[in-house]
Novice: 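One structure is given below, represented as structure tokens, and several questions about it will come after.
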Protein chains: 2
Amino acid sequence: MRFSHQRELIKKVVHSTNSHPTADWIYAQVRSASPKISLGTIYRNLKQLTEEGFIRTIYDGNVARYDWNINSHHHLKCMECGDLIDIQLSNEDMTKSIRKEFDFEVSDVEITLLGKCNKHN
Amino acid sequence: MRFSHQRELIKKVVHSTNSHPTADWIYAQVRSASPKISLGTIYRNLKQLTEEGFIRTIYDGNVARYDWNINSHHHLKCMECGDLIDIQLSNEDMTKSIRKEFDFEVSDVEITLLGKCNKHN
DNA sequence: CTAGTAATAGGAATAATTACTGTTTATTTT
DNA sequence: AAAATAAACAGTAATTATTCCTATTACTAG
Ligand SMILES: [Mn+2]
Ligand SMILES: [Mn+2]
Ligand SMILES: [Zn+2]
Ligand SMILES: [Zn+2]
């Protein structure tokens, strides 16, 4: 993977926020620093950055979001405001018991817990 | 919700398979019984059936899939063939500890475990 | 039967994402 | 350092999934 100014910017933007941004949001941010960038470049690089392990892609309903935090963690999704909140759940036990019971080799666990966050009490 | 022939067909198709079909697949099936049906009708009714609790909508990456099984359960997703396999995980403990720790009221848990199913050993 | 309302078909519109093409640019080779 | 090579880019078209709109059809209550 060759160096690219655009990719560095994209990486920086993803790493700058905790909000699990969409491609579109990232596009808007990167644009202010590099106005000629195209959305295709955003998507292409987000995919590359994911493949190289610099960021993670997560799915929120039917849109992709990007996460600087590549450590294994999960999300609480508020049904009111849509926020995704990071959460840590040990999935080692799960992985083991699933290998045994289902003969299925788990390599990644995607968990989203839907509900209401404390802003809506 | 008034009776509709089309909706009954759609419900029947979803209930006829364990494969967590997409709207498109359902469309193809329903079409053979009711060739004039439109994709809009499929989506509208899938949404209604979900709202009324006859089926569940689940997200597989960025496409919606539909599940006749409305009981709380989760899925193993094979990264090789894309199959979704039903799995039961008790999420009561999880829900409780999250209420305590995050002040977040969980109403639904979406879990997808990505990996390889036993077809690929 | 007739009015009112719910549902439909068909197609247009939108949103997210990917693919294509000619041009630019980083890196390698001379 | 200049030329050659190949990766990356911008711009745009195409695709895919989904929703929205409109005129038409079909139940249902009066
Ligand atoms: Mn996260
Ligand atoms: Mn299922
Ligand atoms: Zn919230
Ligand atoms: Zn498989």
Side-chain angles (χ1 to χ4, degrees), chain A residues 1-14 17 19-67 77 79 82 84 110 112, chain B residues 1-14 17 19-67 77 79 82 84 110 112:
Chain A
M1 190 171 53
R2 207 168 70 173
F3 168 87
S4 112
H5 179 55
Q6 288 89 335
R7 184 160 48 241
E8 287 308 303
L9 268 170
I10 292 167
K11 196 203 287 186
K12 197 155 80 177
V13 167
V14 174
T17 179
S19 68
H20 307 91
T22 61
D24 229 53
W25 189 90
I26 296 162
Y27 181 43
Q29 300 299 305
V30 175
R31 251 182 147 170
S32 65
S34 177
K36 318 195 67 173
I37 201 166
S38 77
L39 197 48
T41 298
I42 302 287
Y43 276 108
R44 183 163 21 79
N45 283 292
L46 286 170
K47 181 180 271 179
Q48 266 184 93
L49 289 167
T50 299
E51 280 161 1
E52 303 286 329
F54 293 110
I55 62 172
R56 275 174 71 109
T57 302
I58 61 186
Y59 287 98
D60 176 16
N62 48 16
V63 309
R65 292 181 171 274
Y66 302 89
D67 196 335
K77 172 174 176 173
M79 296 185 313
L84 293 177
E110 269 182 20
T112 306
Chain B
M1 190 171 55
R2 210 165 70 177
F3 169 88
S4 112
H5 180 56
Q6 287 89 337
R7 185 160 47 243
E8 287 308 303
L9 269 170
I10 293 167
K11 196 202 287 185
K12 197 154 79 177
V13 167
V14 175
T17 179
S19 68
H20 307 90
T22 61
D24 230 52
W25 190 90
I26 295 162
Y27 181 42
Q29 299 300 303
V30 174
R31 250 182 149 170
S32 65
S34 178
K36 319 195 65 174
I37 202 166
S38 76
L39 197 48
T41 299
I42 302 287
Y43 276 107
R44 181 167 19 81
N45 283 292
L46 286 169
K47 181 180 269 180
Q48 268 184 92
L49 289 167
T50 299
E51 280 161 0
E52 304 285 328
F54 292 111
I55 63 173
R56 277 174 72 108
T57 301
I58 61 186
Y59 286 98
D60 175 17
N62 48 16
V63 309
R65 291 182 172 274
Y66 302 88
D67 196 336
K77 171 173 175 173
M79 297 185 313
L84 293 178
E110 270 182 21
T112 307

Novice: Could you give the CD-to-P distance, from B:Q6 to D:dT25, as a whole number of Å?
Specialist: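 Rounding to the nearest Å, CD of B:Q6 and P of D:dT25 are 14 Å apart.
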
Novice: Expressed as a whole number of angstroms, how long is the span from A:L9:CG to D:dC9:P?
Specialist: 11 Å

Novice: Assign B:N45 to base, sugar-phosphate, or nothing according to its heavy-atom contacts below 4.0 angstrom with the strands shown.
Specialist: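 Here B:N45 touches the backbone only, sparing every base.
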
Novice: Any side-chain heavy atom of A:N45 within less than 4.5 Å of one from A:Q48?
Specialist: yes

Novice: If you define the side chain from C-beta out and look only at heavy atoms, does anything of A:K77 sit under 4.5 Å from A:D60?
Specialist: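 In short, these two side chains touch, coming nearer than 4.5 Å.
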
Novice: Starting at CD1 of B:I37 and ending at P of D:dT25, how long is that distance when rounded to a whole Å?
Specialist: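 Answer to the nearest Å: 17 Å.
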
Novice: Roughly, in whole Å, what's the span from CH2 in B:W25 to C1' in D:dA17?
Specialist: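 Computing the B:W25:CH2 to D:dA17:C1' distance gives 18 Å.
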
Novice: For the pair A:S34 (side chain) and A:R31 (backbone), establish whether a donor and an acceptor sit closer than 3.5 Å, ignoring hydrogens and angles.
Specialist: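 Between the backbone of A:R31 and the side chain of A:S34 there is no qualifying donor-acceptor contact (under 3.5 Å).
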
Novice: For A:H20, does its backbone N or O pair with a side-chain atom of A:R65 as donor and acceptor, under 3.5 Å?
Specialist: yes

Novice: Can you tell me the distance, in whole Å, between the CD1 atom of B:I10 and the P atom of C:dT8?
Specialist: 7 Å

Novice: Report the distance from atom CZ of A:R31 to atom C1' of D:dA10, rounded to the nearest whole Å.
Specialist: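 Roughly 12 Å, once rounded to whole Å.
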
Novice: So does A:R2 get a backbone contact from the side chain of A:R7, meaning a donor-acceptor N/O pair under 3.5 Å?
Specialist: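 Indeed, once roles are kept as given, a pair shorter than 3.5 Å links the two residues.
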
Novice: B:G40 or A:R7: which one's nearest nucleotide on DNA chain D is closer to the 5' end?
Specialist: A:R7

Novice: Does the side chain of A:V13 reach to within under 4.5 Å of the side chain of A:W25, using non-hydrogen atoms?
Specialist: yes

Novice: When you measure from the side-chain N and O atoms of A:Y43 to the phosphate of C:dT17, is any distance below 4.0 Å, counting only OP1 and OP2?
Specialist: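 Yes, such a contact exists.
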
Novice: A:T57 and side chain to side chain contact (heavy atoms under 4.5 Å, CB included): which partner among A:L49, A:L46, A:T50?
Specialist: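 Filter result, single survivor: A:T50.
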
Novice: Which letters describe nucleotides 21-30 of chain C, given B = protein heavy atom under 4.0 Å from base, S = only from sugar-phosphate, - = neither?
Specialist: ----BBS---

Novice: Whole Å only: how far is the CD1 atom of B:I42 from the P atom of D:dC20?
Specialist: 17 Å

Novice: Any side-chain heavy-atom pair from A:V14 and A:F54 closer than 4.5 angstrom?
Specialist: no

Novice: Taking side chain as C-beta onward, heavy atoms only, is B:L9 less than 4.5 Å from B:I37?
Specialist: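 In short, these two side chains do not touch, never coming nearer than 4.5 Å.
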
Novice: Among residues 46-62 of chain A, which ones have heavy-atom contacts with DNA chain C below 4.0 Å?
Specialist: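 Contacting residues: none.
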
Novice: Which residue lies toward the 5' end of DNA chain C, B:T41 or A:D24, if each is placed at its nearest nucleotide?
Specialist: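 Nearest nucleotide further toward 5': that of B:T41.
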
Novice: Would you indicate what B:L39 reaches in the nucleic acid, counting non-hydrogen atoms under 4.0 angstrom: base, sugar-phosphate, or nothing?
Specialist: base

Novice: Nearest heavy atom decides the nucleotide; on that basis, is B:R44 or B:R65 closer to the 5' end of DNA chain D?
Specialist: B:R65

Novice: Grab the OH-C1' distance between A:Y27 and C:dA15 for me, whole Å please.
Specialist: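 Going from OH in A:Y27 over to C1' in C:dA15 covers 14 Å.
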
